[in-house]
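Count residues from 1 along the sequence.
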Amino acid sequence: MQHDLIAQARTWLAEDPDPETRAELGAIIEAGDTQELAARFAGTLQFGTAGLRGELGAGPMRMNRSVVIRAAAGLAAYLKAQGEEGGLVVIGYDARYKSADFARDTAAVMTGAGLRAAVLPRPLPTPVLAYAIRHLGAVAGVEVTASHNPPRDNGYKVYLGDGSQIVPPADGEIAAAIAAVGPLADVVRPEDGWQTLGEEVLEAYLARTDAVLAAGSPRTARTVYTAMHGVGTSVLTAAFARAGFPEPALVAEQAEPDPAFPTVAFPNPEEPGAMDLAFATARRAAPDLIIANDPDADRCAVAVPDTATEGGWRMLRGDEVGALLAAHLVERGATGVFAESIVSSSLLGRIAEKAGLGYEETLTGFKWIARVDGLRYGYEEALGYCVDPEGVRDKDGITAALLVAELASVLKEQGRTLLDLLDDLALAHGLHATDQLSVRVEDLSVIADAMARLREQPPTALAGLAVTSAEDLSRGTDRLPPTDGLRYHLEGARVIVRPSGTEPKLKCYLEVVVPVADAAGLPAARARGAELLDGIKRDLAAAAGI
């Protein structure tokens with residue numbers, strides 16, 4: 001067994017085109033560290049609907065040039081099998097370690113396979129890549145990014161020619177094509193022959209961002225902005241300047257791309273401590289709101305002044321921003337369909353119904369939301385908003401930030417705030433309070449055990465609320481394809497439990513709806529909502545054994 005492992009590692013080493021990972025793997029072999037080799041050669045990184053994502057390093061269970069070259073060769077074979085010989089593949093990348101190398105390898109593989117490849121001019125937000133696919137008439141797109149994952153990770157996200165991320169069966173067919181790739185020496189990789197795009201593709205995207213705003217709308221909101229050490233700063237500030245907003249005050253320590261993400265434990269605005277520097281900057285600059293992007297700028301986080309919150313600033317939940325943007329679009333006379341994933345707040349459905357608009361619920365991820373017929377607006381609680389589906393069929397943290405700033409400006413002119421509008425929505429539709437129980441694990445079997453336990457012994461009540469129905473989403477529903485998840489409806493509440501598709505986490509999404517008769521009843525409704533959410537969290541954790 002040990003001999004087989006070392007032989008397997010030596011075979012991999014002989015093919016590895018990257019001096020860094022060759023040296024790394026050579027040292028592990030030399031040290032005879034079979035435990036480490038076993039971890040790296042336990043299988044291969046699985047290509048799924050999120051593409052690839054994993055820790056950087058040598059071996060088939062890590063993200064590296066060998067794995068990326070195989071992924072690109074499999075994608076090229078899939079595209080050619082679909083009759084796309086000679087078609088254009090556009091490639092974008094963020095500023096993480098190895099991203100530029102992975103983008104270049106992808107371009108070389110596509111060129112060698114008889115496709116045309118075009119690489120974005122520099123590290124840019126994921127939504128620019130999603131826009132470029134349709135703008136350039138590409139048959140596919142690749143974004144090299146690990147989004148908001150830790151610094152040691154990278155990833156590989158695939159879009160097809162409609163500008164949306166892949167869904168079944170394409171993901172399985174691409175995975176099969178990757179598995180069929182032979183020795184790396186047989187993958188043709190010329191030294192040149194692809195196009196490096198100029199700034200005109202970014203200019204076209206920026207010209208499109210103006211379209212999300214209403215002509216003549218107020219543009220007075222003052223913002224503090226953080227790119228979270230990612231690629232958002234230059235694009236967001238350019239978009240704000242074009243739109244005529246005041247120049248955002250930057251969180252200087254996080255404004256420039258840095259793959260080490262030195263000031264945050266996790267470069268995700270939702271994680272504890274990630275926004276501390278933004279709050280500190282805001283206390284000095286006294287803006288109307290804080291806007292944060294994640295490192296590839298496809299998500300948008302918002303914080304607002306709130307004297308009732310310690311430190312004077314309150315982060316809005318993704319569900320709150322989702323409802324605020326929906327209300328703003330309704331006020332502007334939007335038509336079409338509003339859509340969200342099943343883990344997001346049911347408030348969107350109530351807003352759409354009252355406005356006489358279509359409403360759809362999808363599986364988790366913008367790969368599903370973006371495919372809704374007639375989509376006008378889509379959002380997901382994890383800070384993702386699609387406000388210009390004709391331009392970008394994915395979440396877009398730049399255009400979402402513009403729309404939030406426009407809404408804050410409209411309310412500012414009325415002497416009101418985003419929190420005032422949230423109160424209005426609670427009075428109109430009931431107080432929708434949401435929270436999440438999220439457990440990060442080292443051992444993935446913990447997640448499987450928790451799901452099995454809930455399936456075998458589903459809870460009958462949570463926080464004293466009776467469970468009125470329980471659905472195993474792995475069987476599918478009349479409106480949704482199968483997915484690994486559980487949904488519980490309670491009296492005045494809803495719970496969804498699912499493994500994360502991109503991180504080693506079990507995620508539980510909680511929502512309670514508390515009726516409110518008048519403004520005087522809002523504080524009591526909020527307290528009741530918080531109490532119920534805490535109780536549901538406690539009881540659900542016990543039921544799942546986590």
Exercise: do [X] and [Y] side chains pair donor with acceptor under 3.5 Å:
X: R393; Y: Y159; answer: no
X: T434; Y: D319; answer: yes
X: T21; Y: D16; answer: yes
X: D396; Y: Y131; answer: no
X: N154; Y: S99; answer: yes

Is a side-chain N or O of [X] found less than 3.5 angstrom from the main chain of [Y], in a donor-acceptor match?
X: D298; Y: P127; value: no
X: Q46; Y: T44; value: yes
X: N64; Y: R62; value: yes
X: E55; Y: R152; value: no

Is the shortest distance from a Lys or Arg side-chain nitrogen in [X] or [Y] to a carboxylate oxygen in the other one below 4.0 Å?
X: D294; Y: K395; result: no
X: E271; Y: R440; result: yes
X: R455; Y: D484; result: yes
X: E381; Y: K507; result: no
X: D162; Y: R371; result: yes
X: R487; Y: E471; result: yes

Evaluate the side chain to side chain donor-acceptor pair (under 3.5 Å) criterion for residues E36 and T34: first the C-alpha distance (whole Å), next the side-chain angles of each, then the deciding distance (0.1 Å), finally the verdict. CA-CA 5 Å; E36 184 63 23; T34 52; over 6 Å; no
Counting heavy atoms not belonging to E531, are there more than 12 under 6.0 Å from its CD?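 Enclosed: over 12 neighbouring heavy atoms sit under 6.0 Å from CD of E531.
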Check this for me: E20, atom CD, are more than 12 non-hydrogen atoms of other residues, nucleotides or ligands nearer than 6.0 Å?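 For E20, atom CD is not crowded (no more than 12 foreign heavy atoms under 6.0 Å).
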Nearest 0.5 Å, please: how far is [atom2] in [Y] from [atom1] in [X]?
X: E320; Y: H432; atom1: CD; atom2: NE2; value: 12.5 Å
X: T399; Y: R208; atom1: OG1; atom2: CZ; value: 10.0 Å
X: L473; Y: L486; atom1: CG; atom2: CG; value: 6.5 Å
X: L325; Y: C300; atom1: CG; atom2: SG; value: 8.0 Å
X: H328; Y: L411; atom1: NE2; atom2: CG; value: 8.5 Å
X: L160; Y: Q165; atom1: CG; atom2: CD; value: 10.5 Å

Are the side chains of [Y] and [X] in contact, using a 4.5 Å heavy-atom criterion?
X: L402; Y: V387; value: no
X: Y225; Y: P287; value: no
X: L506; Y: V446; value: no
X: M451; Y: S474; value: no
X: K367; Y: S164; value: no
X: V235; Y: L124; value: yes
X: T483; Y: W368; value: no
X: L407; Y: L421; value: yes

Applying side chain to side chain donor-acceptor pair (under 3.5 Å), name anything that partners N149, two or more places apart in sequence or on another chain.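 Partners of N149 under the side chain to side chain donor-acceptor pair (under 3.5 Å) test: R53, D153.
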Checking side chain to side chain contact (heavy atoms under 4.5 Å, CB included) between Y93 and each of T145, V231, V119, which is the one that passes?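 For Y93, the side chain to side chain contact (heavy atoms under 4.5 Å, CB included) check succeeds only for V119.
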Would you please test L480 and I342 for side chain to side chain contact (heavy atoms under 4.5 Å, CB included) and show each step? CA-CA 10 Å; L480 297 170; I342 56 172; 3.5 Å; yes
Using the side chain to side chain donor-acceptor pair (under 3.5 Å) rule, take T106 and Y156 through it: C-alpha gap first, then chi angles, then the decisive distance, then the call. CA-CA 10 Å; T106 301; Y156 198 81; 2.9 Å; yes
Consider side-chain hydrogen bond (donor to acceptor under 3.5 Å, both in side chains). Of D94, D394, D296, which one does T126 pass it with?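 Of the listed options, the one satisfying the test is D296.
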So among E511, E340, R317, which one has a side-chain hydrogen bond (donor to acceptor under 3.5 Å, both in side chains) with S345?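 Single pass found, and it is E511.
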Stepwise side chain to side chain contact (heavy atoms under 4.5 Å, CB included) check, K157 with L129: CA-CA 11 Å; K157 191 184 287 190; L129 180 277; over 6 Å; no
Can you tell me how the ring of Y377 sits relative to the ring of F338, calling it parallel under 30°, perpendicular over 60° and tilted otherwise?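 Rings of Y377 and F338: perpendicular, over 60°.
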